[in-house]
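Numbers restart at 1 for each chain; the letters A, B, ... are given by sequence-line order, proteins then strands.
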Amino acid sequence: MVSDRPGIMRGITSAITDMGANIDDISQTVVEGYFSVILTATFDSECEPKAIEAAIESNFGVGELSIIVQACSEMAKPAPVVDGEVYMMIVVGDDKPGILKKTTGFLADRSINIEDWASCFDGGSVSYIGKITVPRGVDVRQLQIDLKRELIDLGMNASIRHENIFRATNEVGPIKSLLR
Amino acid sequence: MIGKSEVMTTLRMMQEENLDVRTVTMGINLNDCRRDDIAETARAIKEKIAQRCGRLVAVCDDLNVEYGLQIVNKRLAVSPVSILLEGRQKEDALEIAKALDSAAESVGIDLIGGFSALVHKGMTPAERMLIESLPEVLSSTQRVCASVNVGTTKAGMNVDAINLVSKAILDIAEATSDNSGFGAAKIVVFANIPEDSPFMAGAYLGAGEPECVINVGVSGPGVVARAVERLKLENPDCTLDDIAEEVKHTAFRVTRAGELIGREVAKRLSVVFGVVDLSLAPTPRVGDSVGEIYQAMGIKRLGAPGTTAAVALLNDAVKKGGAFASSSVGGLSGAFIPVMEDHALSAAVENGDLTIEKLEAMTAVCSVGLDMILMPGDIRPELISGIIMDEAAIGIINRKTTAVRIIPVPGGKVGDKVDFGGLFGSGTIVQVNCPGGAEEFVRRGGRIPAPLQSLGN
């Protein structure tokens, strides 16, 4: 993580590439002016995480960035992906503490996996947009009722709608391609 | 993930701008229900509709929950009943109509179309019988809707059929006089009738259609009106081409939502998906009016010069957006101007800004025709024939669909108000500017030949 400015990606990727590695996957975002990125890379030869950290840090100012390098083999294996349908959850209302805790708790209690999450702030109000996978067999009608009930104390308006309605109204490809 | 602004745009359309699916209409071929005995035929009709359509409403309700998108109407359109009536008696028409009515009720459908006859080049005895049975059929049933096609660009215009159906319209109104002639709201007289329209009262399953098919009518005009208003807020000096572009983009989204729902319904019912009908169909609710779109464009008094151009702009932009959105566009696909069903149009007619003559001009550049117009109950059948002939001529010459749905109100006078309630709305009885003088021309009957297809100026 580093304060956003031009040239950050060059500093990271050039250090990795110069060590003979290939970058496999990458995801980057900026939150409130802070640039953060997560990436995976494959190195031809054995390489210590500390050496990789040092190579990247050398392209930045002292103490400018926070970095963690870890071998994938040392990390816990990802849990199996939830088998289900993809929905968009939208929670809208005045911003206040506790919205995320309650919302994400509601999802976790039902084994609903969050695939992606974003927020939009507009004055004092906030909109959370979550891409979630609802396991097969879950009664979506009841889920919607329960979600509304869960968030009503916080004054939040929440809805869950199948992802395809958003894709259909915003993408250009054939509708048939959205249906399995 | 889809962008945040795209998600919020779709959500706003659904929650605040009345984005919905106006109708999911199942078309069913009933030609194989014909039996020697009329009671057996009626039973076969009921069984087939129950078997094919029994889950339509439940599937639509499920999709409503999953997508958060309301499906306003679930309807049925059957193959022309005139075919089932060949070689039968007039009382058999009522038996079949009652079977359709009962079958529709049993599967939770409010309107069923297809009590129809295609007589643009001539009438069989059964087609004549069907038209003559309409007063009894439409006054004895709740859900049955009828249509008669009296002209095509290829065949010309059958004036004999027009004269017959004009008399029937007056008789239907009289037979339903206890409800201000409401029965006449359930029959549409067409030129160039489409075989796949999902909208009532004119929907039927055409001869070129599959055994069973799902056709969809897209959302109403509220979404488009709000889009134009939002554009004006962002850019008060927006030009007409800016408005056309906004309408086109909105139509794209609306059409895609309609096709998604239609294909899902078809898949879950294991039937063929047919078409998305792009028509903007209003309801009497404020915020769901085609007239409001013209007002948003800047036509403050509907009927003023410029109104026809506004209709043309809207109709064309909707088609362009819809045609890019889907390769399965069909039906009527334009902007409807049903006076009683649109509070803004109805108000303009009531205050005299919008006349039948101006409405007729507007129908030359949109779908469909003179729709849901109340007239005095003492009008002559020749006047109805003349109105139908004028409207059919516009359709036949311009190679487009046109239609007439006028309601003579028994005992009603110009200026009287009538309220049918629900989706059929309310309105004021009006009269044409020159209600007499063409009787000799109309009574000659016969056919107006098919028009030349070249020398197009």
Top contributor to chain B interface from A:Leu178, A:Leu179, A:Asn170 [non-hydrogen pairs under 4.5 Å]: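 So the answer, after comparing A:Leu178, A:Leu179, A:Asn170, is A:Asn170.
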Residue among A:Ile90, A:Val140, A:Ile129, A:Val86 with most heavy-atom pairs under 4.5 Å to chain B: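 Highest number of heavy-atom pairs under 4.5 Å: A:Ile129.
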If you define the side chain from C-beta out and look only at heavy atoms, does anything of [X] sit under 4.5 Å from [Y]?
X: A:Val172; Y: B:Phe324; answer: yes
X: B:Leu11; Y: A:Ser159; answer: yes
X: A:Ile165; Y: B:Met14; answer: yes
X: A:His162; Y: B:Tyr67; answer: yes
X: B:Leu260; Y: A:Arg167; answer: no
X: A:Met88; Y: B:Thr10; answer: no
X: B:Arg263; Y: A:Lys176; answer: yes

Side chain B:Glu6, main chain A:Phe166, donor-acceptor under 3.5 Å: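 No: the side chain of B:Glu6 does not pair with the backbone of A:Phe166.
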B:Lys4 side-chain N/O to A:Ala118 backbone N/O, donor-acceptor pair under 3.5 Å: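 The answer is no, because no donor-acceptor pair under 3.5 Å joins these two groups.
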CE (A:Met9) with more than 12 external heavy atoms under 6.0 Å: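 Yes, enclosed.
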Heavy-atom pair of closest approach, residues B:Val65 and A:Gln144: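 In this case the closest contact between B:Val65 and A:Gln144 is O-NE2, 3.1 Å.
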